[in-house]
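Predicted model, so just to flag it, every value in this text is computed and none were measured. Within every chain, numbering begins at 1; the chains are lettered A, B, ... in the order of the sequence lines, protein sequences first and strands thereafter.
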Amino acid sequence: MAKGKIEPRLVIVLTIIVMCSAVLLSFVHQWTEPIIAEHAASADAEAVLAVLPEAEETEFVSAGDLIYYKGFDGAGNLIGIALQDEGRGYEGGIRVMVGLDMEDEKVLGIDILEHSETPGLGSRITEEDFLDQFVGKSFSDSFELQNDIDVISGATASSRGVTEAIKGAIDKALEVYGGGE
Amino acid sequence: MLKLFKDFAKGLWKENPVFVMLLGMCPVLAVTNTATTGLFMGVATSFVLIGAGIVNSLLKNLIPAEVRIPSFIVIIATFVTIVDYTSRAFFPDIAASLALFIPLIIVNCLILGRSESFASKMPVSRAIADAVGMGVGFTWALTFLGAIREILGFGTLFRGTEFTLQVMGEWFEPLSIMTLPPGAFLTLGVVIGVFRAVENKSLSLTRLFGNSSLNTAKEEKSI
Amino acid sequence: MEGISNLAMLFVAAAITNNFILTQFLGICPFLGVSKEVPTAFSMGLATTFVMTTSAVFVWVIESFILVPLGIEFMRYIAFILVISSFVQLTELFVKKVSPPLYKALGIFLPLITTNCAILGLALMISMEGYTFIESTIFGLGAGAGFTLAIVLMAGIRERLEFADVPESLKGAPIALLVAGIMAMAFSGLAM
């Protein structure tokens, strides 16, 4: 690497290279950004339908700070709501979409939107065996790891992250629906 | 032509970046828990290797020696950013499972090593042959390690794709340690050991380490 | 109070349970390359810790005051790697001035800190996790401490291995990897 006195020529060469790559990357960025955003949006829409299995139509609701989706069946009856929350896993945040039946106070479905857990270990939180245990749980259950929730062996932190996110989503939903709607 | 073929072929076995030169160990250990991630990582790394090799070989007379390495790093980082955005756009699932390790291709010593020791001295054609050979060598090594760990750890091959194969029968109890960090270290240690044993047998006259693996892998010497 | 205990947790997680080398595979090259003798390994650990902590601080500054406000996140990788290589260069000059014998011992591994994925990995995690300034610093320190711990432990074991009867084909890197596998088991035991 460069040692001793710095010649302007060196700085110029390096600057030119950085400028070229900046221009190139801004094109790549513009080209891929909409596709990546589309993936995220369609992943969201799919996730809403996945966590509200009986829903046929969804409606986007933004109430104050809270953003959620309402799910209706074919006849237009409200089945439940779907909303996101985040828990802290082993490597970072775990974003979870949770479907909730506010009338019976039950969990309808869970979908992991985003995580960066260790592949093959913490990443097993996305497997159905793990997620299915949350379906049908009542809001009043303890959600305690080991007792109430089966933990993925070797991935306690990841399992806790998901559980936290679900509890967080329930709390947020209860705040909105707390007064009854 | 023969020279080009030699440049290409050495990366496959004799100077295999993973098993002989021990370059780019981080992704080798981190993303080989399944054959799928290993293969994808190998292809992504090869793309950067070839792209950076071409550009660095073309620019070799324009870049002053003093800023060669910083310039190479910037060029490599540019290619990696391209790979990062395109893989997130077109292969979102695999990209998500590789997470951090796509940007970390920037600091894969294999790429900087080949750019510095080969591409920056050779004409473009030889640089391409070398990069393709190294890329293929890196890719097969990662896929191979991934396959071993996936078969023992999950009982499958190429999980998470349409081509998933169930290799082991119902009786098989997956050894989840193979998918965990210890499994990565143990598998690689054993595979390199076996690789060397095979090499020793076939080159029993040549002394161990006697082959030409010393030109780039300075680290290798002190290992 | 809670703030402090959170920071302590972050430090311990970065150093032990999420140890960069043994659980996240970041920084394997120096881990295998500079772990033959304890004193050299320790110096390497300190040099890496220094670069990690200072880069953590600067990466945070660049992320929060340049990349995000200007909306040029696509320049993130290039910016980070340039910051890191400048710091490595500074460390190199510093070590050369202060302790020429140490400079000799670390040899080619000092410039190689640039291509140590632990440091770029740290920088990327800071930007992904959205850590605050203090959290970033602590995270950098913890990761450096964990790196030093793992590399020194490894060097201690390898000093002993010199006297062991290792099969010819396993000498060098393979046996080191097998040892690392056993160490990784011990460290993942701590994470549960």
Is B/Asp130 salt-bridged to B/Lys10, going by a charged N under 4.0 Å from an acidic O?
-> yes

Part of B/Arg88 within contact of chain A (heavy atom distance under 4.5 Å) = both

Is it the backbone or the side chain of A/Val18 that comes under 4.5 Å from a heavy atom of chain B, or both, or neither?
-> both

With a 4.5 Å cut-off on heavy-atom pairs, point out which of B/Val31, B/Ile82, B/Ile63 contacts chain A the most.
-> B/Ile82

In terms of heavy-atom contacts, does CZ of B/Phe91 have more than 12 from other residues, nucleotides or ligands at under 6.0 Å?
-> no

Indicate the ring-plane relationship of B/Trp140 and B/Trp13, choosing parallel, tilted or perpendicular according to the 30° and 60° boundaries.
-> parallel

Measure B/Ser71 against the heavy atoms of chain A and call it side chain, backbone, both or neither at under 4.5 Å.
-> both

Hey, can you tell me if A/Phe134 and A/Phe143 have their rings parallel, tilted or perpendicular (30° and 60° cut-offs)?
-> parallel

